[in-house]
Amino acid sequence: MKKISIIVPVYNVGKYIDQCLESICRQTYKNLEIIVVYDESSDDTLQKCQGWVEADSRITLLMNHSRNGLGAARNVGLRAATGDYVAYLDSDDWMDESFIEALYNAIRQTGADYVSGVGYYEVRQGNDVRKNTLLPAGEYGSDDERGLVLMGEAPAVWKKLYNRKWLTDNGLFQPEVFHYEDWGFDIASVLQTEKIILVPQIGVYYRFRREGCLSNENIEAICRDFKRSVEIGLDMAEAAGVLERYRVPVQKYLLQDYYMRRKTALLQRNEKALRILDGIRADILKRRLGHEDVEGYERCICFGSLSLRWIVQRTAVFADFDFFGFSSIISAMTAGSAAKVDNQNQFRVNQVSNDILGTFGELLTATQERTILFLDFMEERKNILVLENEKYATESEAYSDSAVDGLKVVRRIPSGTDEFISLWKEKCSILVERLSFGGPKADIVLIKNRMALRYGDLNGTVEFDEAQGLGQVNDMLLELEDYFLDACTRRGVPVRVFGLPEQYCFTDRQFKYGCEPQYMNGALYNQVGFEIFKKYGKGWLD
C-alpha cells in the first residue's frame, strides 16, 4: 500500500477541526501521513491540533511563522510530504471514511496524474446538504477532454488525489494568495495532465460560506487575488508550453468567473472591484488571451427546455437573458388571458404565467433591439390544454405542479398526434413570420436537443426501459425542427444549428437533477456551450 499524504491547512477553525481530522483518521485506507499546517489563530485551534497529534502518530503539526493564505500553507505541506500521493482537505470540511480508498484504487489502476470525486456535498446553514455534480464519471485524456474538465469541473483541490512526483516535477505549487488559489492552480495542473479520472464516489462535505470563512471577505480583495491567482496559473501554463494549445478553453473558463464576480461587484456598487475586473478583461482576456468581445446584441432570449437554459448559461457569452420555459410554441404564440398561478417556486409561477399569456410571442412583436434567440423544441413533448376562446396552455411539469385558477380547460390535445402536429405547424409559421418581418432584428440559434435513450457515465451506459417511446419523441422533434428550418429558409431567415455531441448523449446517474431522460449531463451542456462560444469570434455577426 503506497503512502498518501493528506495536507490540512488550519486557521481559526476550533469549531470544526475535530470533525475534519476525525474523518481523516477514520479512513479505511490506513497508510496515511497527515500534515497539519497551522497558521497562528485567535481561538483554540492549536490546542485541538496538539491533542490530535498525541492521539494519532500519523499526524505531523507544522507551524507557519506568518499567515499567507491557503495556497502558501498547502505548499508548505507539499514540500514536507513524503507520500507517493497527495490529497488536500480544508479544515472546516470532512470526508466519508472510504473516500481516500476509492481515490487510491482509481489512481493505482489507471496511472492517472490525478483522480477526483465526481462532485461534493455542499453543507449550508441548518445542516442542509446538497449534492453538487458537474461532469460524469470516467476517463478524460484527449485535448478536448482536458479543456472540458477545465471549463466544467470544480477547480477545488480538496476532492482530488494527486501523484506527488508529478506535482513536484512540474512545479505545480499553488498561487500564494488568500482567495481563489485553486483557480490559477487549475489552469496549470489540468492542462499538463496526461489523463484525469473522475470517480463516481462523492466523498467530501464542503461547508458553504461558514462564519469567518475567507470567501466572505470583501469583493475587492477577492477580485484582486483572483486576478493574481490567474496570472500565476497562466505563467505556469505558458512556461510548460501548453497555454497556446488551450487558449480558447482558458478564455471561457475565465469568463464564467469574471461574469460571476462582476455581478457581485455591481450589486455592491464596489467601484474598486469593478476596476480590477476591467483590468482582468483588458489585460488577461483581451491582450494576453486574444478574446474578442461579442458586440451588437442588446438582448438575448432563450425559449425552450431547462437543458437549453443550461447550455446558454455555459456559453459564458451572455450574462443575462430572458428565459421562456415549460412552454410549447402553440401556447407561446397565442395571446392568452391572465390566470392566478400558485406555486412555492416563483420561477415556475413566472414560467406558467408566461405560457398562458403568450408572453413570448408578444415580446417578439414588441422587441426592436438587436436580439439573439436560442430555441429548442423539447417542451413539445407535453400535451396541449385547449382553453375557452381558443386559448392554450402547455401541460408541463410546472403547470401540473401548480394550482391554476381562472382557466376553464375544454379538452386535451396529446403531443405527437396529427391534430397536435397540424396546430404546431400553424403556430410555428406565425413565429417565423414575426422573425422575418414584424419582430426584432434577430439572430436565431436552434439547439437540436433530444431525450436521452441511455444513462450511465463515460465508462458505460445502459438503455432506459422506455427507450423506444423516447426514440419516438426524438423522431417527432426532428420533424418539427425540419419544418421550422424549411419555413425559415422560405422566409429568408438565417438559422444557426447546433447538434449534440454523440459521445455525451446520455443521462448521468450522478447528475444533481436525477437520472431523467429529459436531462443529459454536464459534459454535453458544457461542450455545446463551448461550440457556441467558439463561433462568437470575428465574423459571427457579419
Side-chain angles (χ1 to χ4, degrees), residues 69-71 90 120 122 124 132 134 147 149-158 174-190 206-237 246-295 297 300 309-310 312-321 522 525-526 529-530 533 536:
L70 274 176
D90 286 354
Y120 57 92
E122 193 174 274
R124 294 175 176 256
N132 198 328
L134 298 165
V149 170
L150 179 70
M151 295 181 292
E153 248 288 287
V157 299
W158 37 252
Q174 295 222 310
E176 298 194 355
V177 294
F178 282 93
H179 310 86
Y180 294 98
E181 63 291 324
D182 291 344
W183 266 250
F185 178 76
D186 213 39
I187 294 172
S189 58
V190 170
Y206 162 69
R207 209 179 295 274
F208 182 77
R209 292 186 179 176
R210 53 104 176 154
E211 184 181 354
C213 178
L214 280 176
S215 61
N216 292 332
E217 293 186 14
N218 72 76
I219 185 65
E220 181 186 343
I222 287 173
C223 290
R224 187 183 303 111
D225 280 356
F226 176 66
K227 184 173 187 288
R228 182 61 186 142
S229 177
V230 166
E231 288 171 336
I232 293 170
L234 293 174
D235 289 344
M236 293 167 69
Y246 298 100
R247 182 174 55 85
V248 180
V250 172
Q251 289 177 17
K252 181 173 177 291
Y253 168 73
L254 296 181
L255 273 171
Q256 293 169 168
D257 291 286
Y258 166 85
Y259 280 129
M260 180 180 70
R261 278 165 245 293
R262 184 171 181 79
K263 184 175 290 188
T264 302
L266 286 169
L267 286 172
Q268 295 182 6
R269 299 181 180 179
N270 190 316
E271 295 297 329
K272 291 182 179 179
L274 288 170
R275 283 196 292 272
I276 295 169
L277 290 165
D278 287 342
I280 292 173
R281 189 162 199 125
D283 299 336
I284 297 177
L285 282 163
K286 290 186 176 181
R287 180 182 57 80
R288 186 164 188 178
L289 296 174
H291 173 67
E292 296 283 346
D293 283 335
V294 176
E295 297 178 352
Y297 291 113
C300 177
R309 185 170 185 250
W310 295 327
V312 175
Q313 287 174 333
R314 283 160 173 78
T315 63
V317 174
F318 304 99
D320 298 296
F321 55 87
Y525 298 139
N526 276 285
F530 183 49
F533 175 82
Y536 274 84

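Heads up: numbering here begins at 1 and tracks the sequence. Values below: all heavy atoms of this structure, side chains included; hydrogens, waters and symmetry mates excluded. Everything numeric in this text was worked out from a predicted model, so none of it was measured.
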Is the Phe208 ring parallel, tilted or perpendicular to the Tyr206 ring (thresholds 30°, 60°)? perpendicular
On a heavy-atom basis, which atom in Val177 and which in Arg228 lie closest, and how many Å separate them? CG1-CG, 3.8 Å
Do side-chain atoms of Arg287 reach the backbone of Asp283 as a donor and acceptor pair under 3.5 angstrom? yes
Can you check whether Leu277 reaches Lys227 side chain to side chain, under 4.5 Å on heavy atoms? no
Please tell me if the side chains of Arg275 and Asn270 come closer than 4.5 Å, counting only heavy atoms from C-beta onward. no
So, do Asp186 and Tyr253 sit near enough that their side-chain heavy atoms are less than 4.5 Å apart? yes
Closest heavy-atom pair and its distance - Phe178, Gly69: CE2-N, 3.4 Å
Rounded to the nearest 0.5 Å, what separation is found between the CD atom of Gln268 and the CG atom of Leu274? 9.5 Å
Would a distance-only check, ignoring hydrogens and angles, find a side-chain to backbone donor-acceptor pair under 3.5 Å from Ser229 to Asp225? no
Do Arg261 and Ile280 come close enough that some side-chain heavy atom pair is under 4.5 Å? no
Quick check: does any side chain N or O of Arg314 sit under 3.5 Å from a backbone N or O of Trp310, one acting as donor and the other as acceptor? yes
Using the six-membered ring wherever Trp is involved, compare the ring planes of Phe533 and His291 and label them parallel, tilted or perpendicular (cut-offs 30° and 60°). parallel
Value rounded to 0.5 Å, distance of CG in Leu254 from CD1 in Ile187: 5.0 Å
Output the distance between atom CH2 (Trp183) and atom CD1 (Ile232), rounded to the nearest 0.5 Å. 15.0 Å
Using atom types as modelled and distance alone, determine if a side-chain donor or acceptor of Arg247 lies under 3.5 Å from a backbone N or O of Leu289. yes
What one should report as the nearest heavy-atom pair of Arg281 and Leu255 is NH1-CD2, 4.1 Å
